[in-house]
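Order of the sequence lines sets the chain letters (A, B, ...), proteins ahead of strands, with each chain counted from 1. These numbers were taken from a predicted model, which means no experiment stands behind them.
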2 protein chains.
Amino acid sequence: MTNQDNAPARDGEASGAVETAYRFIRTAIISGDLASGETLQESRLAERIGVSRTPVREALSRLASEGLVVLERYRRGQVASFSMADVAEVFRLRGKLEGHGARRACRRISADDIARLEAVEDEMEAVFAELGWHRHLSRFDELNNEFHAIIARAADSPRLEKILASSLELPASIFNHYIEPVDERTRRTHRQHREIIAALKARNPDWAEAAMSAHLFSILNDPAPDPE
Amino acid sequence: MTNQDNAPARDGEASGAVETAYRFIRTAIISGDLASGETLQESRLAERIGVSRTPVREALSRLASEGLVVLERYRRGQVASFSMADVAEVFRLRGKLEGHGARRACRRISADDIARLEAVEDEMEAVFAELGWHRHLSRFDELNNEFHAIIARAADSPRLEKILASSLELPASIFNHYIEPVDERTRRTHRQHREIIAALKARNPDWAEAAMSAHLFSILNDPAPDPE
DNA sequence: GTCTGGAGCCTTGTATACGAACTTGCACGG
DNA sequence: CCGTGCAAGTTCGTATACAAGGCTCCAGAC
(Lines give C-alpha, C1' and ligand atoms only; values in the text may rest on other atoms or scores of the structure.)
Protein backbone atom coordinates (compact mmCIF):
# COMPACT_ATOMS: atom_id res chain seq x y z
CA MET A 1 0.00 0.00 0.00
CA THR A 2 1.79 3.08 -1.19
CA ASN A 3 0.95 5.77 1.25
CA GLN A 4 3.53 8.37 0.51
CA ASP A 5 1.07 11.10 -0.30
CA ASN A 6 -0.07 11.99 3.19
CA ALA A 7 1.59 15.08 4.45
CA PRO A 8 4.12 14.51 7.19
CA ALA A 9 1.18 13.44 9.28
CA ARG A 10 1.94 14.27 12.87
CA ASP A 11 5.56 15.17 12.62
CA GLY A 12 6.01 14.48 16.34
CA GLU A 13 8.16 11.44 15.82
CA ALA A 14 10.43 9.97 13.25
CA SER A 15 8.29 9.38 10.25
CA GLY A 16 9.71 5.93 9.73
CA ALA A 17 7.56 2.95 9.00
CA VAL A 18 9.34 0.87 11.58
CA GLU A 19 8.62 3.42 14.28
CA THR A 20 5.00 3.52 13.20
CA ALA A 21 4.73 -0.24 13.43
CA TYR A 22 6.57 -0.35 16.73
CA ARG A 23 4.33 2.23 18.36
CA PHE A 24 1.22 0.62 16.98
CA ILE A 25 1.98 -2.87 18.19
CA ARG A 26 3.45 -1.81 21.50
CA THR A 27 0.52 0.40 22.33
CA ALA A 28 -1.86 -2.38 21.41
CA ILE A 29 -0.09 -4.77 23.75
CA ILE A 30 0.27 -2.38 26.66
CA SER A 31 -3.32 -1.28 26.42
CA GLY A 32 -4.53 -4.84 26.21
CA ASP A 33 -5.89 -4.47 22.70
CA LEU A 34 -3.70 -7.40 21.83
CA ALA A 35 -4.17 -9.94 24.58
CA SER A 36 -1.55 -12.21 26.07
CA GLY A 37 -0.97 -15.24 23.94
CA GLU A 38 -2.57 -13.76 20.86
CA THR A 39 -0.76 -14.67 17.67
CA LEU A 40 0.98 -12.02 15.64
CA GLN A 41 1.09 -12.57 11.93
CA GLU A 42 3.52 -10.36 10.12
CA SER A 43 1.49 -9.99 6.96
CA ARG A 44 -1.67 -9.33 8.89
CA LEU A 45 -0.05 -6.65 11.02
CA ALA A 46 1.62 -5.16 7.97
CA GLU A 47 -1.69 -4.78 6.20
CA ARG A 48 -3.39 -3.41 9.29
CA ILE A 49 -0.71 -0.80 9.87
CA GLY A 50 -0.25 0.06 6.22
CA VAL A 51 3.40 -0.82 5.75
CA SER A 52 5.23 -3.81 4.37
CA ARG A 53 6.44 -6.80 6.32
CA THR A 54 10.00 -5.53 6.61
CA PRO A 55 9.39 -2.79 9.16
CA VAL A 56 6.89 -4.99 10.97
CA ARG A 57 9.56 -7.63 11.38
CA GLU A 58 11.96 -5.11 12.81
CA ALA A 59 9.33 -3.82 15.20
CA LEU A 60 8.50 -7.33 16.36
CA SER A 61 12.15 -8.04 16.87
CA ARG A 62 12.51 -5.00 19.10
CA LEU A 63 9.43 -5.95 21.05
CA ALA A 64 10.77 -9.45 21.49
CA SER A 65 13.99 -8.08 22.93
CA GLU A 66 11.86 -6.08 25.36
CA GLY A 67 10.03 -9.21 26.36
CA LEU A 68 6.59 -8.16 25.18
CA VAL A 69 6.56 -10.55 22.24
CA VAL A 70 7.73 -14.13 21.89
CA LEU A 71 9.31 -15.11 18.59
CA GLU A 72 10.32 -18.57 17.54
CA ARG A 73 11.97 -19.43 14.32
CA TYR A 74 9.51 -20.26 11.54
CA ARG A 75 6.61 -19.98 13.92
CA ARG A 76 4.10 -17.26 14.36
CA GLY A 77 4.94 -14.77 17.05
CA GLN A 78 2.70 -14.24 20.01
CA VAL A 79 2.09 -11.62 22.62
CA ALA A 80 4.02 -12.67 25.70
CA SER A 81 2.18 -14.15 28.63
CA PHE A 82 2.99 -13.10 32.15
CA SER A 83 2.61 -15.12 35.28
CA MET A 84 2.31 -13.75 38.78
CA ALA A 85 5.97 -14.74 39.15
CA ASP A 86 6.84 -12.43 36.26
CA VAL A 87 4.99 -9.56 37.85
CA ALA A 88 6.74 -10.20 41.14
CA GLU A 89 10.12 -10.33 39.45
CA VAL A 90 9.51 -7.06 37.67
CA PHE A 91 8.54 -5.28 40.85
CA ARG A 92 11.49 -6.69 42.76
CA LEU A 93 13.86 -5.37 40.12
CA ARG A 94 12.07 -2.08 39.83
CA GLY A 95 12.23 -1.72 43.58
CA LYS A 96 15.99 -2.09 43.50
CA LEU A 97 16.59 0.02 40.43
CA GLU A 98 14.14 2.80 41.06
CA GLY A 99 15.31 2.94 44.65
CA HIS A 100 18.79 3.53 43.32
CA GLY A 101 17.38 6.10 40.93
CA ALA A 102 15.57 7.94 43.71
CA ARG A 103 18.78 8.05 45.73
CA ARG A 104 20.59 9.67 42.86
CA ALA A 105 17.68 11.92 42.00
CA CYS A 106 17.89 13.38 45.49
CA ARG A 107 21.03 15.27 44.68
CA ARG A 108 20.06 16.21 41.17
CA ILE A 109 16.36 16.85 40.81
CA SER A 110 15.38 20.43 40.07
CA ALA A 111 12.79 22.46 41.89
CA ASP A 112 10.79 22.47 38.68
CA ASP A 113 10.70 18.71 38.56
CA ILE A 114 9.66 18.49 42.17
CA ALA A 115 6.85 20.88 41.33
CA ARG A 116 5.89 18.65 38.43
CA LEU A 117 5.87 15.64 40.71
CA GLU A 118 3.49 17.40 43.05
CA ALA A 119 1.27 18.45 40.18
CA VAL A 120 1.13 14.93 38.84
CA GLU A 121 0.35 13.53 42.26
CA ASP A 122 -2.29 16.20 42.82
CA GLU A 123 -3.97 15.17 39.62
CA MET A 124 -3.80 11.49 40.48
CA GLU A 125 -5.51 12.15 43.75
CA ALA A 126 -8.06 14.40 42.15
CA VAL A 127 -8.86 11.82 39.51
CA PHE A 128 -9.25 9.17 42.14
CA ALA A 129 -11.36 11.34 44.41
CA GLU A 130 -13.71 12.35 41.67
CA LEU A 131 -14.24 9.17 39.81
CA GLY A 132 -12.55 6.33 41.59
CA TRP A 133 -10.42 3.74 40.00
CA HIS A 134 -12.59 2.04 37.56
CA ARG A 135 -13.56 5.00 35.46
CA HIS A 136 -10.10 6.37 35.06
CA LEU A 137 -7.74 3.47 35.11
CA SER A 138 -5.86 4.43 32.01
CA ARG A 139 -5.44 8.07 33.00
CA PHE A 140 -4.32 6.95 36.40
CA ASP A 141 -1.72 4.61 34.94
CA GLU A 142 -0.48 7.34 32.68
CA LEU A 143 0.03 9.74 35.56
CA ASN A 144 1.67 7.05 37.64
CA ASN A 145 4.09 6.29 34.83
CA GLU A 146 4.89 9.95 34.53
CA PHE A 147 5.58 10.20 38.25
CA HIS A 148 8.10 7.40 38.09
CA ALA A 149 9.56 8.62 34.83
CA ILE A 150 10.30 12.08 36.23
CA ILE A 151 12.33 10.58 39.04
CA ALA A 152 14.10 8.11 36.77
CA ARG A 153 15.02 10.97 34.47
CA ALA A 154 16.34 13.01 37.36
CA ALA A 155 18.65 10.15 38.32
CA ASP A 156 20.75 11.11 35.32
CA SER A 157 21.57 7.55 34.38
CA PRO A 158 20.67 6.80 30.78
CA ARG A 159 21.04 3.05 31.13
CA LEU A 160 18.84 3.02 34.19
CA GLU A 161 16.16 4.89 32.28
CA LYS A 162 16.44 2.61 29.31
CA ILE A 163 16.23 -0.56 31.36
CA LEU A 164 13.18 0.68 33.21
CA ALA A 165 11.48 1.72 30.01
CA SER A 166 12.34 -1.23 27.86
CA SER A 167 12.93 -4.29 30.00
CA LEU A 168 10.70 -3.76 33.01
CA GLU A 169 7.41 -2.65 31.59
CA LEU A 170 4.31 -4.79 31.78
CA PRO A 171 1.03 -4.52 29.94
CA ALA A 172 -1.32 -2.53 32.11
CA SER A 173 -3.92 -5.21 31.68
CA ILE A 174 -1.61 -7.79 33.22
CA PHE A 175 -0.89 -5.61 36.17
CA ASN A 176 -4.53 -4.95 36.82
CA HIS A 177 -5.33 -8.59 36.38
CA TYR A 178 -3.02 -9.84 39.08
CA ILE A 179 -3.18 -6.88 41.38
CA GLU A 180 -6.66 -5.76 42.15
CA PRO A 181 -6.94 -2.00 42.19
CA VAL A 182 -8.70 -1.70 45.49
CA ASP A 183 -9.22 1.64 47.10
CA GLU A 184 -7.03 0.87 50.05
CA ARG A 185 -4.07 0.21 47.81
CA THR A 186 -4.65 3.41 45.94
CA ARG A 187 -4.69 5.40 49.13
CA ARG A 188 -1.48 3.73 50.16
CA THR A 189 0.05 4.65 46.80
CA HIS A 190 -0.83 8.27 47.40
CA ARG A 191 0.74 8.25 50.84
CA GLN A 192 3.86 6.66 49.44
CA HIS A 193 4.15 9.10 46.56
CA ARG A 194 3.85 11.97 49.00
CA GLU A 195 6.54 10.45 51.14
CA ILE A 196 8.85 10.07 48.16
CA ILE A 197 8.33 13.71 47.28
CA ALA A 198 9.08 14.69 50.86
CA ALA A 199 12.31 12.68 50.82
CA LEU A 200 13.40 14.29 47.58
CA LYS A 201 12.63 17.75 48.95
CA ALA A 202 14.64 16.94 52.03
CA ARG A 203 17.49 15.80 49.79
CA ASN A 204 17.83 12.73 51.96
CA PRO A 205 19.18 9.91 49.78
CA ASP A 206 18.65 7.10 52.26
CA TRP A 207 15.08 8.11 52.82
CA ALA A 208 14.36 8.55 49.14
CA GLU A 209 15.79 5.16 48.23
CA ALA A 210 13.97 3.38 51.00
CA ALA A 211 10.68 5.12 50.32
CA MET A 212 10.81 4.30 46.63
CA SER A 213 11.81 0.68 47.19
CA ALA A 214 9.13 0.27 49.83
CA HIS A 215 6.55 1.71 47.46
CA LEU A 216 7.36 -0.84 44.79
CA PHE A 217 7.84 -3.82 47.07
CA SER A 218 4.57 -3.11 48.82
CA ILE A 219 2.56 -3.46 45.68
CA LEU A 220 3.00 -7.20 45.63
CA ASN A 221 1.39 -7.63 49.01
CA ASP A 222 -1.99 -6.32 48.32
CA PRO A 223 -4.66 -5.88 49.45
CA ALA A 224 -2.88 -4.51 52.44
CA PRO A 225 -3.27 -6.82 55.39
CA ASP A 226 -2.18 -4.28 57.95
CA PRO A 227 -3.65 -0.83 57.43
CA GLU A 228 -0.95 0.85 59.41
CA MET B 1 5.68 -36.32 19.19
CA THR B 2 7.90 -35.20 16.43
CA ASN B 3 10.74 -37.61 16.25
CA GLN B 4 13.54 -35.54 14.92
CA ASP B 5 16.27 -37.85 16.01
CA ASN B 6 19.97 -37.36 15.67
CA ALA B 7 19.79 -33.64 15.37
CA PRO B 8 23.27 -32.15 15.51
CA ALA B 9 24.13 -32.17 19.17
CA ARG B 10 25.06 -28.52 19.17
CA ASP B 11 21.67 -27.09 18.56
CA GLY B 12 20.98 -23.50 18.13
CA GLU B 13 23.84 -21.85 16.41
CA ALA B 14 23.89 -22.99 12.83
CA SER B 15 20.39 -21.69 12.34
CA GLY B 16 19.92 -18.28 10.96
CA ALA B 17 21.75 -15.62 9.04
CA VAL B 18 20.70 -12.98 11.52
CA GLU B 19 22.21 -14.94 14.39
CA THR B 20 25.38 -15.37 12.38
CA ALA B 21 25.58 -11.67 11.70
CA TYR B 22 24.74 -10.76 15.27
CA ARG B 23 27.41 -13.02 16.74
CA PHE B 24 29.96 -11.85 14.23
CA ILE B 25 29.48 -8.16 14.81
CA ARG B 26 29.00 -8.44 18.54
CA THR B 27 32.13 -10.51 18.98
CA ALA B 28 34.06 -8.07 16.85
CA ILE B 29 32.94 -5.17 19.02
CA ILE B 30 33.48 -6.87 22.36
CA SER B 31 36.91 -8.11 21.35
CA GLY B 32 37.90 -4.72 20.04
CA ASP B 33 38.25 -5.88 16.48
CA LEU B 34 35.83 -3.13 15.64
CA ALA B 35 36.97 -0.09 17.54
CA SER B 36 34.80 2.53 19.17
CA GLY B 37 33.56 5.07 16.70
CA GLU B 38 34.29 2.91 13.69
CA THR B 39 31.63 3.17 11.02
CA LEU B 40 29.48 0.19 10.18
CA GLN B 41 28.35 -0.08 6.60
CA GLU B 42 25.55 -2.54 6.08
CA SER B 43 26.60 -3.65 2.63
CA ARG B 44 30.21 -3.99 3.68
CA LEU B 45 29.34 -6.10 6.71
CA ALA B 46 26.93 -8.16 4.65
CA GLU B 47 29.60 -9.00 2.16
CA ARG B 48 32.14 -9.74 4.85
CA ILE B 49 29.80 -12.09 6.72
CA GLY B 50 28.39 -13.68 3.63
CA VAL B 51 24.72 -12.80 4.00
CA SER B 52 22.51 -10.10 2.59
CA ARG B 53 21.80 -6.73 4.10
CA THR B 54 18.50 -7.77 5.64
CA PRO B 55 19.87 -9.92 8.46
CA VAL B 56 22.70 -7.47 8.98
CA ARG B 57 20.17 -4.73 9.53
CA GLU B 58 18.34 -6.78 12.09
CA ALA B 59 21.57 -7.63 13.87
CA LEU B 60 22.59 -3.98 13.98
CA SER B 61 19.20 -3.05 15.31
CA ARG B 62 19.56 -5.51 18.16
CA LEU B 63 23.05 -4.29 18.91
CA ALA B 64 21.78 -0.73 18.93
CA SER B 65 19.15 -1.66 21.49
CA GLU B 66 21.92 -3.16 23.59
CA GLY B 67 23.86 0.05 23.34
CA LEU B 68 26.86 -1.34 21.50
CA VAL B 69 26.00 0.36 18.24
CA VAL B 70 24.67 3.80 17.46
CA LEU B 71 22.22 4.12 14.62
CA GLU B 72 20.84 7.29 13.20
CA ARG B 73 18.31 7.49 10.46
CA TYR B 74 19.86 7.64 7.01
CA ARG B 75 23.32 7.80 8.49
CA ARG B 76 25.97 5.18 8.72
CA GLY B 77 26.00 3.32 11.98
CA GLN B 78 28.97 3.41 14.29
CA VAL B 79 30.36 1.36 17.09
CA ALA B 80 29.33 3.09 20.30
CA SER B 81 31.89 5.10 22.21
CA PHE B 82 32.09 4.84 25.96
CA SER B 83 33.28 7.47 28.36
CA MET B 84 34.58 6.87 31.82
CA ALA B 85 31.15 8.02 32.99
CA ASP B 86 29.58 5.18 31.03
CA VAL B 87 31.89 2.65 32.61
CA ALA B 88 31.11 4.03 36.04
CA GLU B 89 27.40 3.89 35.39
CA VAL B 90 27.57 0.30 34.24
CA PHE B 91 29.44 -0.79 37.33
CA ARG B 92 27.10 1.10 39.64
CA LEU B 93 24.13 -0.69 38.13
CA ARG B 94 25.88 -4.03 38.03
CA GLY B 95 26.78 -3.57 41.67
CA LYS B 96 23.16 -3.11 42.57
CA LEU B 97 21.76 -5.81 40.32
CA GLU B 98 24.40 -8.46 40.80
CA GLY B 99 24.29 -7.80 44.52
CA HIS B 100 20.59 -8.54 44.40
CA GLY B 101 21.34 -11.60 42.29
CA ALA B 102 23.91 -12.89 44.76
CA ARG B 103 21.42 -12.47 47.58
CA ARG B 104 18.91 -14.60 45.76
CA ALA B 105 21.53 -17.08 44.60
CA CYS B 106 22.37 -17.74 48.23
CA ARG B 107 19.20 -19.66 48.79
CA ARG B 108 19.16 -21.36 45.40
CA ILE B 109 22.62 -22.17 44.16
CA SER B 110 23.46 -25.86 43.94
CA ALA B 111 26.53 -27.55 45.33
CA ASP B 112 27.54 -28.29 41.76
CA ASP B 113 27.46 -24.64 40.83
CA ILE B 114 29.49 -23.71 43.88
CA ALA B 115 32.03 -26.28 42.79
CA ARG B 116 32.06 -24.76 39.33
CA LEU B 117 32.62 -21.32 40.85
CA GLU B 118 35.61 -22.64 42.72
CA ALA B 119 36.97 -24.35 39.64
CA VAL B 120 36.62 -21.17 37.61
CA GLU B 121 38.29 -19.12 40.30
CA ASP B 122 41.06 -21.70 40.63
CA GLU B 123 41.75 -21.41 36.95
CA MET B 124 41.70 -17.63 37.04
CA GLU B 125 44.30 -17.64 39.76
CA ALA B 126 46.36 -20.27 38.00
CA VAL B 127 46.31 -18.34 34.77
CA PHE B 128 47.34 -15.21 36.57
CA ALA B 129 50.06 -16.93 38.58
CA GLU B 130 51.58 -18.57 35.55
CA LEU B 131 51.46 -15.87 32.99
CA GLY B 132 50.26 -12.67 34.53
CA TRP B 133 47.70 -10.38 33.08
CA HIS B 134 49.03 -9.31 29.81
CA ARG B 135 49.45 -12.66 28.21
CA HIS B 136 46.05 -14.01 29.08
CA LEU B 137 43.75 -11.09 29.20
CA SER B 138 41.08 -12.60 27.03
CA ARG B 139 41.06 -15.94 28.84
CA PHE B 140 40.93 -14.08 32.12
CA ASP B 141 37.95 -12.02 30.99
CA GLU B 142 36.21 -15.12 29.79
CA LEU B 143 36.59 -16.83 33.14
CA ASN B 144 35.53 -13.73 34.98
CA ASN B 145 32.39 -13.49 32.87
CA GLU B 146 31.64 -17.11 33.59
CA PHE B 147 32.04 -16.54 37.31
CA HIS B 148 29.50 -13.76 37.29
CA ALA B 149 27.21 -15.62 34.91
CA ILE B 150 26.99 -18.67 37.16
CA ILE B 151 25.79 -16.54 40.03
CA ALA B 152 23.38 -14.57 37.89
CA ARG B 153 21.94 -17.80 36.60
CA ALA B 154 21.54 -19.15 40.10
CA ALA B 155 19.52 -16.10 41.06
CA ASP B 156 16.69 -17.61 39.05
CA SER B 157 15.53 -14.28 37.64
CA PRO B 158 15.36 -14.35 33.85
CA ARG B 159 14.99 -10.61 33.51
CA LEU B 160 17.96 -9.98 35.74
CA GLU B 161 20.04 -12.30 33.59
CA LYS B 162 18.86 -10.69 30.41
CA ILE B 163 19.54 -7.17 31.61
CA LEU B 164 23.04 -8.07 32.74
CA ALA B 165 23.80 -9.82 29.47
CA SER B 166 22.28 -7.35 27.07
CA SER B 167 22.23 -3.89 28.62
CA LEU B 168 25.22 -3.86 30.91
CA GLU B 169 28.01 -5.33 28.89
CA LEU B 170 30.97 -3.31 27.74
CA PRO B 171 33.61 -4.06 25.15
CA ALA B 172 36.53 -5.63 26.94
CA SER B 173 38.81 -3.17 25.24
CA ILE B 174 36.97 -0.27 26.81
CA PHE B 175 37.16 -1.74 30.24
CA ASN B 176 40.85 -2.41 29.94
CA HIS B 177 41.41 1.01 28.55
CA TYR B 178 39.90 2.91 31.44
CA ILE B 179 40.78 0.48 34.18
CA GLU B 180 44.36 -0.58 34.16
CA PRO B 181 44.76 -4.26 34.93
CA VAL B 182 47.42 -3.92 37.53
CA ASP B 183 48.47 -6.82 39.67
CA GLU B 184 47.15 -5.34 42.86
CA ARG B 185 43.67 -5.07 41.45
CA THR B 186 43.81 -8.63 40.21
CA ARG B 187 44.80 -9.90 43.61
CA ARG B 188 41.95 -7.97 45.13
CA THR B 189 39.58 -9.51 42.60
CA HIS B 190 40.72 -12.95 43.68
CA ARG B 191 40.16 -12.16 47.34
CA GLN B 192 36.72 -10.78 46.56
CA HIS B 193 35.72 -13.76 44.47
CA ARG B 194 36.77 -16.08 47.28
CA GLU B 195 34.75 -14.05 49.71
CA ILE B 196 31.70 -14.22 47.50
CA ILE B 197 32.05 -17.98 47.29
CA ALA B 198 32.35 -18.16 51.05
CA ALA B 199 29.20 -16.11 51.51
CA LEU B 200 27.30 -18.35 49.13
CA LYS B 201 28.51 -21.45 50.91
CA ALA B 202 27.43 -19.96 54.19
CA ARG B 203 24.04 -19.22 52.65
CA ASN B 204 24.22 -15.76 54.12
CA PRO B 205 22.22 -13.42 51.88
CA ASP B 206 23.35 -10.17 53.47
CA TRP B 207 26.97 -11.15 53.19
CA ALA B 208 26.63 -12.37 49.62
CA GLU B 209 24.91 -9.22 48.47
CA ALA B 210 27.38 -6.94 50.20
CA ALA B 211 30.39 -8.88 48.97
CA MET B 212 29.20 -8.85 45.39
CA SER B 213 28.30 -5.17 45.45
CA ALA B 214 31.60 -4.31 47.05
CA HIS B 215 33.43 -6.27 44.41
CA LEU B 216 31.84 -4.33 41.60
CA PHE B 217 31.91 -0.92 43.25
CA SER B 218 35.57 -1.35 44.12
CA ILE B 219 36.61 -1.72 40.53
CA LEU B 220 35.99 1.93 39.82
CA ASN B 221 38.45 3.11 42.40
CA ASP B 222 41.40 1.33 41.13
CA PRO B 223 44.59 2.57 40.76
CA ALA B 224 43.46 5.90 39.41
CA PRO B 225 41.05 6.44 36.58
CA ASP B 226 42.98 7.81 33.70
CA PRO B 227 41.01 10.69 32.32
CA GLU B 228 41.03 11.14 28.64
C1' DG C 1 -11.86 -45.63 15.89
C1' DT C 2 -7.29 -44.20 16.29
C1' DC C 3 -2.84 -43.60 14.75
C1' DT C 4 0.46 -42.58 11.12
C1' DG C 5 2.24 -40.43 7.11
C1' DG C 6 2.52 -37.26 3.63
C1' DA C 7 0.95 -33.54 0.30
C1' DG C 8 -0.19 -28.88 0.00
C1' DC C 9 -0.83 -24.56 2.01
C1' DC C 10 0.82 -21.07 4.98
C1' DT C 11 4.15 -18.42 7.48
C1' DT C 12 8.46 -17.03 8.24
C1' DG C 13 13.56 -16.12 6.67
C1' DT C 14 16.55 -14.15 3.25
C1' DA C 15 17.73 -11.85 -0.92
C1' DT C 16 17.10 -8.33 -4.19
C1' DA C 17 15.06 -4.03 -6.26
C1' DC C 18 13.91 0.59 -5.90
C1' DG C 19 13.17 5.10 -3.94
C1' DA C 20 14.55 8.66 -0.35
C1' DA C 21 17.91 11.12 2.17
C1' DC C 22 22.48 12.27 3.35
C1' DT C 23 27.50 13.26 1.79
C1' DT C 24 30.98 14.54 -0.89
C1' DG C 25 33.26 17.30 -3.91
C1' DC C 26 33.65 20.78 -7.17
C1' DA C 27 32.33 25.18 -9.16
C1' DC C 28 31.47 29.72 -8.45
C1' DG C 29 31.15 34.02 -6.07
C1' DG C 30 32.52 36.97 -2.37
C1' DC D 1 41.51 32.25 0.16
C1' DC D 2 37.31 30.75 1.99
C1' DG D 3 32.38 29.99 2.13
C1' DT D 4 28.10 28.69 -0.22
C1' DG D 5 25.25 25.92 -3.17
C1' DC D 6 24.27 22.58 -6.41
C1' DA D 7 24.84 17.85 -8.41
C1' DA D 8 26.45 13.21 -8.53
C1' DG D 9 27.28 9.32 -5.82
C1' DT D 10 26.64 6.55 -1.88
C1' DT D 11 24.02 4.57 1.86
C1' DC D 12 20.02 3.77 4.16
C1' DG D 13 14.74 2.64 4.39
C1' DT D 14 11.00 0.11 2.48
C1' DA D 15 8.80 -2.91 -0.62
C1' DT D 16 8.64 -7.01 -3.10
C1' DA D 17 10.18 -11.66 -4.74
C1' DC D 18 11.78 -16.07 -3.75
C1' DA D 19 13.31 -19.99 -0.67
C1' DA D 20 12.95 -22.87 3.49
C1' DG D 21 10.65 -24.76 7.07
C1' DG D 22 6.20 -25.74 9.87
C1' DC D 23 1.15 -26.83 10.16
C1' DT D 24 -3.20 -28.84 8.68
C1' DC D 25 -5.89 -32.16 7.34
C1' DC D 26 -7.21 -36.04 4.91
C1' DA D 27 -6.31 -40.81 3.41
C1' DG D 28 -5.03 -45.24 4.53
C1' DA D 29 -3.58 -48.99 7.67
C1' DC D 30 -4.01 -51.45 11.86
Looking only at heavy atoms, the pair that brings B/Leu60 and B/Leu71 closest together is O-CD1, 3.9 Å
Report yes or no: do B/Asp86 and B/Ser83 form a side-chain donor-acceptor pair below 3.5 Å?
yes
Heavy-atom closest pair (A/Arg159 atom, B/Glu89 atom, distance to 0.1 Å) is N-OE2, 2.7 Å
Atom pairs and distances, side-chain donor-acceptor, residues 163-172 of chain B, under 3.5 Å, sequence neighbours left out:
residue	atom	partner	partner atom	Å
B/Ser166	OG	B/Lys162	O	2.9
B/Glu169	OE1	B/Arg26	NH2	3.1

Counting primed atoms, P, OP1 and OP2 as sugar-phosphate and everything else as base, the B/S/- map of nucleotides 10-17 of chain C against protein heavy atoms under 4.0 Å is -SBBBBBB
All heavy atoms of B/Ala80 vs all of B/Gly67, minimum pair found to be CB-O, 3.4 Å
Task: A/Val90/A/Phe82 under side-chain contact (heavy atoms from CB on, under 4.5 Å): CA gap, chis, key distance, verdict - done: CA-CA 10 Å; A/Val90 165; A/Phe82 298 92; over 6 Å; no
Atom CG of B/Leu71 and atom P of C/dC22 are separated, to the nearest Å, by 16 Å
Stepwise ring pair (Phe, Tyr, Trp, His ring centres under 6.0 Å) check, B/His100 with A/His100: CA-CA 12 Å; B/His100 176 65; A/His100 177 65; over 10 Å; no
Check the pair B/Ile29, B/Glu38 against side-chain contact (heavy atoms from CB on, under 4.5 Å), reporting the backbone distance first and the verdict last.
CA-CA 10 Å; B/Ile29 294 175; B/Glu38 197 154 340; over 6 Å; no
Nucleotide N/O to protein N/O under 3.5 Å, stretch nucleotides 5-7 of chain D:
none

